[in-house]
Amino acid sequence: MLLEQEPDAGLGNGGLGRLAACFLDSMATMQLPAMGYGLRYEYGMFRQVFSDGWQQEQPDNWLLHQDPWEVLRPHEKVRVNLNCSYEVRGGRLRAIVGKPSSLIGVPYDRPVVGYGGRTINTLRLWAARAPDYFDFQEFSHGEFVGAVAEALEAASITRVLYPDDSTTTGQGLRFVQEYFLVACSLADLIRRFRRGNADWSALADKAAIQMNDTHPAMAVPELMRILLDEAHLEWNRRGILRAERWHTRTTHCCRKPWRSGRSRGSKRCCRVICR
């Protein structure tokens, strides 16, 4: 009865999901200030039902009803730039590589209450939105579906937890999901750091980043891109910020997805990885 009234959050309930929950709960219990990041998937893994003794998978629409624990923070949204855009061709949504576009990451905050309730940290989930809901010119020319291609693409980013990646299209979607997560989260982290710090060399003393397995491995080149292009640091100064503390295997984890999906993400990050 309780499960019917308050469905389980569609954020993953496997080993990595439990590990992330343990991290957040433990840090709150130990009164360590922390912010967890993830994607606000519209649908979870799946909802399991049985018919005539056989399992059937149905959409897990856990956001069907308003969640009183969730707080929208529209004033803290961030923009993520991609190296591709999308169009509807032949009834299918296709990527146009080399034509830049952007996504808007809209944060939704959920409280993480530590044991005893003395400290409340935050789990921030990002929802993907298009900068413009539809293309007015295309709509005026009768391309009603094509006019909302960008909105369809944005909605697809956070539509389903763990989309099938057995196809090239599915792999591309997974790649954009992972890059969208790290780009939004690092932009938010840097924004909070810069509010009270003018010295970039203090970043390593003010913030620590824990990556939960290899899914956010692109945080490594994305942070380096920020330090190089936004902080204007030189390559030989990266040691000041202790960037070498990233585990060396993260570079290996980045290389494989970039080979198949780099045309859709940030070309600058690809150059960082190759260098």
Side-chain angles (χ1 to χ4, degrees), residues 2-3 5-42 44-45 62-63 65-78 80 104-129 157-158 161-162 177-197 200 202-220 222-223 226 241-243 245-247 250:
L2 180 61
L3 182 61
Q5 297 298 319
E6 185 174 350
D8 192 25
L11 303 175
N13 55 9
L16 291 177
R18 293 195 298 271
L19 178 61
C22 287
F23 277 137
L24 292 174
D25 186 67
S26 297
M27 286 187 288
T29 299
M30 297 175 66
Q31 302 185 54
L32 299 175
M35 175 86 78
Y37 290 104
L39 296 182
R40 185 178 181 267
Y41 296 103
E42 184 177 348
M45 187 76 77
W62 72 287
L63 295 176
H65 303 292
Q66 186 174 3
D67 191 340
W69 297 106
E70 186 176 66
V71 179
L72 171 64
R73 307 288 188 189
H75 60 286
E76 296 190 11
K77 62 186 178 183
V78 300
V80 175
I104 302 297
V106 182
Y108 289 77
D109 289 352
R110 306 176 70 86
V112 179
V113 183
Y115 179 75
R118 292 174 295 177
T119 301
I120 301 176
N121 285 334
T122 301
L123 171 61
R124 173 159 289 187
L125 303 177
W126 299 101
R129 300 288 185 267
I157 301 301
T158 50
L161 171 66
Y162 282 149
Q177 279 186 338
E178 293 174 6
Y179 180 69
F180 177 75
L181 168 62
V182 301
C184 287
S185 303
L186 284 175
D188 188 57
L189 183 150
I190 295 298
R191 176 173 55 192
R192 290 186 288 112
F193 166 74
R194 295 291 287 171
R195 285 173 183 168
N197 298 273
W200 281 95
L203 177 59
D205 295 322
K206 300 294 184 180
I209 302 173
Q210 165 68 34
M211 295 185 296
N212 198 26
D213 202 68
T214 60
H215 300 85
M218 281 182 285
V220 180
E222 176 64 10
L223 179 59
I226 293 173
L241 297 157
R242 305 174 195 174
R245 287 190 174 183
W246 295 101
H247 199 291
T250 57

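Counting begins at 1 with the first residue of the sequence. Keep in mind that what you see is a predicted model, and the values were worked out from it rather than measured.
- Here the closest heavy-atom approach between residue I120 and residue P111 is recorded as CG2-CB, 3.8 Å.
- Contact check for R40 versus L63: side-chain heavy atoms found under the 4.5 Å cut-off.
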**Request:** Any chance you could lay out the side-chain contact (heavy atoms from CB on, under 4.5 Å) test for E76 and V106, step after step, and finish with the verdict?
**Result:** CA-CA 7 Å; E76 296 190 11; V106 182; over 6 Å; no
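- Two residues are said to be in side-chain contact when any heavy atoms from C-beta on lie closer than 4.5 Å; I104 and K77 meet this criterion.
- Between atom OH of residue Y41 and atom CD of residue Q177 there is a gap of 4.5 Å, rounded to the nearest 0.5 Å.
- The two atoms that bring C184 and V80 nearest to each other are SG-CG2, 3.6 Å, heavy atoms only.
- Counting heavy atoms from C-beta on, the side chains of M27 and V112 never come closer than 4.5 Å.
- Here CG of L39 is found 4.5 Å from CG of L181. Values are rounded to the nearest 0.5 Å.
- With contacts defined as side-chain heavy-atom distances shorter than 4.5 Å, the pair Y108/V71 does not qualify.
- No side-chain heavy atom of T29 sits under 4.5 Å from any side-chain heavy atom of T119.
- Remark: L186 CG to I209 CD1 distance equals 5.0 Å, nearest 0.5 Å.
- Scanning all heavy atoms of the two residues, the minimum distance from S185 to W126 falls at OG-NE1, 3.3 Å.
- Between A219 and V182, the shortest heavy-atom distance links the atoms N-CG1, 3.8 Å.
- Side-chain contact check for I226 versus I190: some heavy-atom pair is nearer than 4.5 Å.
- By the 6.0 Å contact criterion, CZ on R191 is enclosed, its count of non-hydrogen atoms from other residues, nucleotides or ligands being greater than 12.
- The NZ atom of K206 sits 13.0 Å away from atom CG of L189, with the distance rounded to the nearest 0.5 Å.
- Atom-to-atom distance recorded for L203:CG and N197:CG is 8.5 Å, nearest 0.5 angstrom.
- Y37 is not listed as a side-chain neighbour of L125, based on a closest heavy-atom distance of 4.5 Å or more.
- Remark: side-chain polar atoms of N121 are not paired, donor with acceptor, to backbone N or O of V113 under 3.5 angstrom.
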**Message:** Test side-chain contact (heavy atoms from CB on, under 4.5 Å) on N212 and L19; report intermediate values, then the result.
**Reply:** CA-CA 8 Å; N212 198 26; L19 178 61; 3.2 Å; yes
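- Counting all heavy atoms, side chain and backbone alike, G105 lies closest to P107 at O-CD, 3.7 Å.
- For Y115, the OH atom counts as loosely surrounded, since its 6.0 Å shell holds 12 or fewer non-hydrogen atoms of other residues, nucleotides or ligands.
- Note that CE of M218 is 4.5 Å distant from CD of E178, once rounded to the nearest 0.5 Å.
- Counting heavy atoms from C-beta outward, D188 and R124 have side chains that approach closer than 4.5 Å.
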